[in-house]
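Indexing begins at 1, ligand by ligand and atom by atom, following the structure's order.
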Amino acid sequence: MKEDLKIFIDIVEKLLKDEISNPVAKPIAVDHIYEEIDIRLGDEGTVDEEFVATLSKLVLNTPKTASNLFFNQLFGGRRGKAVLGDLLAVVLNNSMYTYKVGGPQIIIEKEIIRNLAKKIGYHGESVDGTMAPGGSMTNLMGLLMARDKKDPNAKYDGISKKLIVYTSKESHYSTPKNVAFAGMGRNNIRFIDTDEQGRMLMMDLREKIEEDIANGCTPCMVNATTGTTVLCAFDPLREIGEICKEFDMWFHIDGALGGSVIFSKKYRYLADGSELSDSFSVNAHKLFSTPLSASFIIVKEKKRLYDSFSNDASYLYQTGENDYNPGKISLQCGRRNDALKFWTLWKSIGTSGLESIIDHQFDTAAKARGYVADHLDYTLYNAVDSISICFNYKNIDPKVICNELYDEGKLMVGYGSFNGQEFIRLVTVNGNIDFADLQNFFNIIERSY
Ligand code: ABU
């Protein structure tokens, strides 16, 4: 182990040095990858020197998602204290299903959940939550609780009614996948129209619910989004909450991307009404740049978690209270410790430090939007508070710009679309970048075209 730790440190030092001079790994064409790197597994092991050389080459040729030129997806950057926590979680190698096996790590997860719940606006003893491997899976958990509340026998006999799920046209692609997994059927989603800023339109929501009731269907859940994938738009939670109450529907908030605004006094207004929801998901690996993945789901009534996810297993639950055996409220059995990395970050910088991270990202995005708006060669497509800056440059096809800059190893950014308009989607999820890095991003585009 000591020998391997030394190899680890050597390779990480090489990577950190390389990230400065080569912030974008030149992509290797997938049909040449075996020629470039000795990936093939064989009957015989490799000797140490060759093994280390191959491992170093592999690491240095992997896309550099922590560099200040990575804007391609909704994660990025690296925070030392969070990495430290995750490395320790790997070395400890606990599974997070029982207190007997997880010990204080279980309490660390509970402490985070308790504090997140307060920020959402859930209070009292009935609140609980858990983690799952990614925002799609925490959304699935919200959906399964909604299904089981509306159709309690579904988990024994299968679904007995036509349960309908409402989500905006701009919401994450996990919803259609999840309703299929849940046996509810992709045809039983209603995609709600959005306004010009990409926010769910209440009039369309109400009309679709009333139409479904008239047709004998059962409205089950609204999946609202706090930070949509492309525009990072924020649905009007308070109004959605009121509609859910009126029609007795589960209210889930997909806050995977933007849910972290609950930490910011300045941007909290974007999640106004969050306390009306039944469940709320948020990813620390997005705006807080912890290592992937750190996805939480917080639930107002813990009974719902038990109803949907518990199952006796005498070989597993042998000690203690339910509250500290989170396997009883998990999607999984074996579950890695994704909590420690967020706890080490939170413990080291405090809640005020988390607030500063969120403010910095939104403020930096606002400056970037200002830059785009002020320069005639650019067209800006979204102008409200958000960490996405959606733009085009000199009317050049955004696919061409994104793909060429990637192929040339200059920077990594992706494109998106809204209302039929395609554009480049720049995101400020990496809290280590500041406006100078974005200025550099724009300069690269301007020099190239
Ligand atoms: N959670 C989905 C993120 C995908 C994207 O970066 O667009």
### Residue and atom name of the nearest protein heavy atom (relative to atom 7 (O) of ligand 1), distance in Å to one decimal
Arg425 NH1, 3.0 Å
### Task
Supply the atom-to-atom distance Phe418 CZ to Leu231 CG, rounded to the nearest 0.5 angstrom.
5.5 Å
### Task
Would you mind listing which atoms of ligand 1 come within a distance below 4.0 Å of any non-hydrogen atom of Gln73?
5 (C), 6 (O), 7 (O)
### Query
Centres of the Phe391 and Phe423 rings: under 6.0 Å?
no
### Query
Pick from Trp346, Trp343, Phe263: which one makes a ring pair (Phe, Tyr, Trp, His ring centres under 6.0 Å) with Phe288?
Phe263
### Task
Taking the six-membered ring for Trp and the single ring otherwise, decide whether the centroids of Phe70 and Phe75 are under 6.0 Å apart.
yes
### Query
Under a 4.0 Å heavy-atom limit, does Lys286 contact ligand 1 with its side chain, its backbone, both, or neither?
side chain
### Task
Could you tell me the separation between the CG atom of Asp254 and the OG1 atom of Thr175, rounded to the nearest 0.5 Å?
7.0 Å
### Closest approach of any protein heavy atom to atom 3 (C) of ligand 1, naming residue and atom
Leu74 CD1, 3.8 Å
### Task
Would you check the N or O atoms of Thr229, main chain and side chain alike, for any that come under 3.5 Å of an N or O of ligand 1?
no
### Message
Among all protein heavy atoms in this structure, tell me which lies nearest to atom 2 (C) of ligand 1, with the distance rounded to 0.1 Å.
### Response
His172 NE2, 3.2 Å
